Amino acid sequence: QVGYLVRSKPPEVTEGGVTRTIENMGGAWTFTAPLTGAAESAAITNLLSSLSTMRGRKVIATAADAAKYGLTGPDALKLSVWVNPQPKPQPTTATESQPAEGVEPPTMHTVVLAKGADGKVVAMVEGRQTIAEVDAKVFDDLSAELFDTRVVVLQTDKVTGITIGG
């Protein structure tokens, strides 16, 4: 079951030793560290969707073999997300009311992925003991340009004229 993404603890993508932090600010994904700028919202949404549905095709090794599969090297990609737990149902009657319980902290999930020379992608969740072969979609989504690369942002229906010159 998919939890709720925490806004106070944004997703982080680590590639080549550089960790990029992406936050959802008012419905728009934005890079906040180390560079700031608009993120390609569709790419981030695709990435999170791919991550939430990712399944291992088969378990191929244990965490002890992480280096052998490139999961500890500089070409590995790491994605950390924090997920809020599902909210607990609130009492519906006065007789059921009880003091509010402590709020459960978010859970961090860190997935490390690597693509081998054969093109196969492997993944493991930090803290778990298995490495699985997975579909390349999450790796490809992480490798894609996540910054918004639009040069000019405009609403085409608001353009009133065009001048073309040399």
Side-chain angles (χ1 to χ4, degrees), residues 1-58 69-90 103-126 131-166:
Q1 192 169 22
V2 177
Y4 299 99
L5 207 58
V6 179
R7 292 177 71 150
S8 62
K9 295 196 178 247
E12 295 177 346
V13 177
T14 302
E15 181 177 13
V18 176
T19 299
R20 298 176 287 167
T21 304
I22 309 158
E23 294 187 51
N24 190 329
M25 301 177 138
W29 288 103
T30 304
F31 280 92
T32 57
L35 300 174
T36 59
E40 184 64 54
S41 291
I44 302 298
T45 300
N46 288 341
L47 171 64
L48 293 174
S49 176
S50 295
L51 179 66
S52 71
T53 60
M54 183 173 67
R55 301 273 187 260
R57 289 185 179 143
K58 62 182 175 179
Y69 287 94
L71 294 165
T72 60
D75 293 331
L77 298 176
K78 185 186 288 191
L79 174 66
S80 298
V81 294
W82 287 261
V83 180
N84 276 334
Q86 290 284 345
K88 293 183 180 178
Q90 296 298 316
V103 176
E104 289 184 49
T107 302
M108 182 177 77
H109 301 278
T110 299
V111 179
V112 183
L113 300 106
K115 186 178 269 190
D118 59 1
K120 292 182 180 176
V121 175
V122 296
M124 66 179 269
V125 175
E126 283 189 347
I131 298 171
E133 182 182 326
V134 298
D135 187 301
K137 178 121 177 70
V138 173
F139 187 90
D140 293 343
D141 288 347
L142 276 170
S143 300
E145 179 58 63
L146 299 177
F147 267 100
D148 185 345
T149 57
R150 291 179 291 176
V151 175
V152 177
V153 179
L154 55 88
Q155 294 176 326
T156 57
D157 62 333
K158 304 291 185 204
V159 174
T160 59
I162 300 172
T163 300
I164 302 172

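Everything numeric in this text was worked out from a predicted model, so none of it was measured. Side chains included, hydrogens not; waters and symmetry mates left out as well; all remaining heavy atoms used.
Counting only residues at least two apart or on different chains, the salt bridge (charged side-chain N to carboxylate O under 4.0 Å, His left out) pairs with a member in residues 113-122 are K115-D140.
Formation of a donor-acceptor pair under 3.5 Å by the S49 side chain with backbone atoms of T45 is not found in this model.
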Taking distance alone, no hydrogens or angles, what donor-acceptor pairs closer than 3.5 Å link side-chain atoms of residues 153-166 to residues at least two apart or in another chain?
none

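With sequence neighbours excluded, no residue forms a side chain to side chain donor-acceptor pair (under 3.5 Å) with S41. For R55, there are no salt bridge (Lys or Arg N to Asp or Glu O under 4.0 Å) partners at least two apart in sequence or on another chain. For K137, the salt bridge (Lys or Arg N to Asp or Glu O under 4.0 Å) test picks out D141, with sequence neighbours left out. Checked against salt bridge (Lys or Arg N to Asp or Glu O under 4.0 Å), E133 has the following partners two or more places apart in sequence or in another chain: R57.
Here the CG atom belonging to L146 is positioned 9.0 Å from the CD atom belonging to E40, to the nearest 0.5 angstrom. Atoms CD1 and CG, from I22 and L47 in turn, are 7.0 Å apart once rounded to the nearest 0.5 Å. Here T32 contributes atom OG1 and E23 contributes atom CD; the two are 4.0 Å apart, rounded to the nearest 0.5 Å. Note that CG of L79 is 12.5 Å distant from CZ of F139, once rounded to the nearest 0.5 Å. Taking CG from L142 and CZ from R20, the interatomic distance works out to 8.0 Å, rounded to the nearest 0.5 Å.
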